[in-house]
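One-based numbering, in listed order, for ligands and for the atoms of each. Just so you know, residue 1 is the first one in the sequence shown, and it goes up from there.
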Amino acid sequence: MNTCEVLIVGGGPGGSSCAWKLRQAGVDAVVMDAAVFPRDKVCAGWITPQAVSALQLDIAEYRDGRTLQDVTGFRTGVIGGHLTRTTTYNRVVSYAVRLCEFDHYLLERSRARLILGSPVTTIRREGAGWVVNEALRASMLIGAGGHFCPVARWLNQPAATPRDAPLVVAQEAEFLADSTPADAEAAEIPALYFYRDLKGYGWCVRKGQYVNVGVGRLDPRALPAVFARFLDFLRGTSSCPPLGNPRWRGHAYLVRHARQRRVLDGGVLLLGDAAGLAYPQSGEGIRPAIESGLLAASTIIDAKGHYDRDSLEPYAARLTDRFGDGSTEVEWPSLVPARVRSALAPLMLSLPFVARRIVLDRWFLRASELPLDLALRRAG
Ligand SMILES: Cc1cc2nc3c(=O)[nH]c(=O)nc-3n(C[C@H](O)[C@H](O)[C@H](O)COP(=O)(O)OP(=O)(O)OC[C@H]3O[C@@H](n4cnc5c(N)ncnc54)[C@H](O)[C@@H]3O)c2cc1C
């Protein structure tokens with residue numbers, strides 16, 4: 001039987017970031033993933049500067065042979081509305097990447113031992129450690145397998161996702177844009193079109209030769225209908241290339257909320273989507289996955305081989321320090337009655353102050369938050 005110190009289940013941005021930091025500290029880490037990389041992933045691929053900073057990503061090196069689109073502005077509006085506001089910045093405020101490239105790059109960079117094309121099917125305790133798939137023994141187990149992570153299910157029996165949990169349901173496609181839309185200049189600027197109830201939004205994001213189109217909603221009812229309505233609307237705009245007939249793919253994931261999943265026990269930690277950490281207003285999950293991966297690795301390094309519950313408990317406090325306790329994310333959409341919200345949404349979103357300061361700076365870019373590496377350095 002194979003052995004390792006730390007087994008990370010899932011090689012997405014969360015798992016690979018954790019592995020990267022562990023390997024830097026000389027910890028023997030294995031990443032096991034059901035997929036063979038590079039693999040396709042349902043995700044729009046929008047990343048923020050905080051994520052880039054936490055990863056110490058060399059932008060010039062990454063760009064060499066991969067797609068990385070600088071984002072210096074956004075277009076915002078309401079689905080079905082006539083007004084689209086363009087907000088620009090005098091600096092790069094985000095990037096758009098292709099997840100198949102990004103995740104592969106991070107996984108290779110981690111220098112962890114990789115076991116790919118191997119879904120985790122069985123998990124059992126053996127003494128203070130773990131046996132996975134009856135083939136691999138580990139002292140410490142990390143659940144980084146996304147929303148349906150088998151470690152999260154094991155740790156949160158009987159139900160990893162309570163019925164009323166705030167679940168983002170999403171559908172998207174990424175395809176080569178083989179013709180230029182009428183308004184080619186606008187097409188370069190990512191568009192965010194909100195549902196009138198502000199429970200979600202659709203996007204159209206250009207990344208080099210590719211376009212990613214999709215919707216995400218915090219309300220799972222009637223997704224096919226609202227998705228179809230969004231596509232009809234998009235086809236009527238001048239900035240979206242012909243949609244053709246791409247393969248639309250769906251996925252779901254939890255946002256951080258007050259009754260979050262149990263994220264640790266003796267010898268086990270969850271991170272990223274497995275822990276349900278995405279931001280509720282934007283659905284951004286890549287940065288929380290990366291940051292929680294780094295925080296999980298620090299906790300393991302600090303534990304110096306003692307993986308009992310008490311030694312791992314600081315991880316929960318680190319998540320709360322960084323992402324809040326899930327109860328403070330109430331914003332005006334949930335405070336204003338639904339009917340008033342729907343009536344006011346087009347007007348509110350057309351106001352420059354609301355578009356820039358609330359929607360973009362506060363909800364999407366979380367501009368007041370320092371990157372994790374700087375925040376930790378400041379905290380000493
Ligand atoms: C349509 C859509 C658009 C999105 N757009 C954005 C965006 O633009 N920006 C953003 O920040 N966030 C976005 N998100 C959210 C983001 O994709 C996730 O939050 C993020 O990828 C989570 O990373 P992770 O490492 O936790 O998990 P994942 O990236 O999901 O990685 C989990 C890995 O675990 C593996 N795995 C799963 N089960 C098993 C198993 N049984 N055994 C072994 N391996 C397993 C999978 O193969 C996968 O490689 C989007 C999500 C969706 C659905």
Side-chain angles (χ1 to χ4, degrees), residues 7-19 30-48 50-52 69 71 94-100 102-104 106-107 110 114-123 132-133 136 141-154 167-174 190 192 200-205 207 212-217 223 227 248-256 270-294 296 364-366:
L7 172 61
I8 301 169
V9 176
S16 61
S17 302
C18 183
V30 166
V31 177
M32 187 183 264
D33 200 295
V36 175
F37 285 59
R39 54 102 172 88
D40 263 342
K41 167 78 207 296
V42 184
C43 183
W46 157 64
I47 57 171
T48 44
Q50 293 97 326
V52 170
Q69 175 120 4
V71 175
S94 286
Y95 302 90
V97 294
R98 301 197 67 218
L99 257 281
C100 52
F102 185 70
D103 287 4
H104 189 210
L106 293 183
L107 194 57
S110 75
L114 305 180
I115 303 178
L116 303 178
S118 295
V120 167
T121 50
T122 63
I123 299 170
V132 167
N133 287 358
L136 186 61
L141 186 62
I142 303 281
H147 180 64
F148 299 104
C149 178
V151 186
R153 280 204 306 269
W154 189 93
L167 195 65
V168 177
V169 289
Q171 200 145 10
E172 60 111 62
E174 189 159 293
L192 308 172
Y201 63 95
W203 62 84
C204 178
V205 178
K207 329 170 173 180
N212 189 293
V213 169
V215 298
R217 270 184 70 78
L223 183 72
F227 183 54
W248 299 107
R249 300 174 308 163
H251 190 55
Y253 58 110
L254 285 170
V255 297
R256 181 105 168 129
L270 301 184
L271 56 85
D273 277 4
L277 296 177
Y279 292 120
Q281 299 89 356
S282 63
E284 180 185 14
I286 297 175
R287 170 155 85 99
I290 291 165
E291 293 183 349
S292 58
L294 299 174
F364 278 73
L365 302 173
R366 303 184 80 92

Give yes if a backbone or side-chain nitrogen or oxygen of [X] is under 3.5 Å from a nitrogen or oxygen of ligand 1, and no if not.
| X | result |
| --- | --- |
| Glu172 | no |
| Gly14 | yes |
| Asp273 | yes |
| Val9 | no |
| Glu284 | no |
| Ala289 | no |

Are the aromatic rings of Trp46 and Tyr95 close, with centres under 6.0 Å apart?
-> no
Trp46, Tyr279, Trp248, Tyr253: member with heavy atom nearest to atom 14 (N) of ligand 1 | Tyr253
Given Gly145, Cys18, Gly10, Gly12, which has its nearest heavy atom closest to atom 38 (N) of ligand 1?
-> Gly145
By salt bridge (charged side-chain N to carboxylate O under 4.0 Å, His left out), which residues pair with Asp103, not counting sequence neighbours?
->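 For Asp103 the salt bridge (charged side-chain N to carboxylate O under 4.0 Å, His left out) partners, ignoring immediate neighbours, are Arg39.
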Identify, with sequence neighbours excluded, every residue that meets salt bridge (charged side-chain N to carboxylate O under 4.0 Å, His left out) alongside Glu174.
-> Arg98, Lys207
Can you list the ligand 1 atoms lying under 4.0 Å from a non-hydrogen atom of His251?
->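 Those atoms are 53 (C).
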Per-atom contacts of ligand 1 with Gly272, taking only distances under 4.0 Å to non-hydrogen atoms = 26 (O)
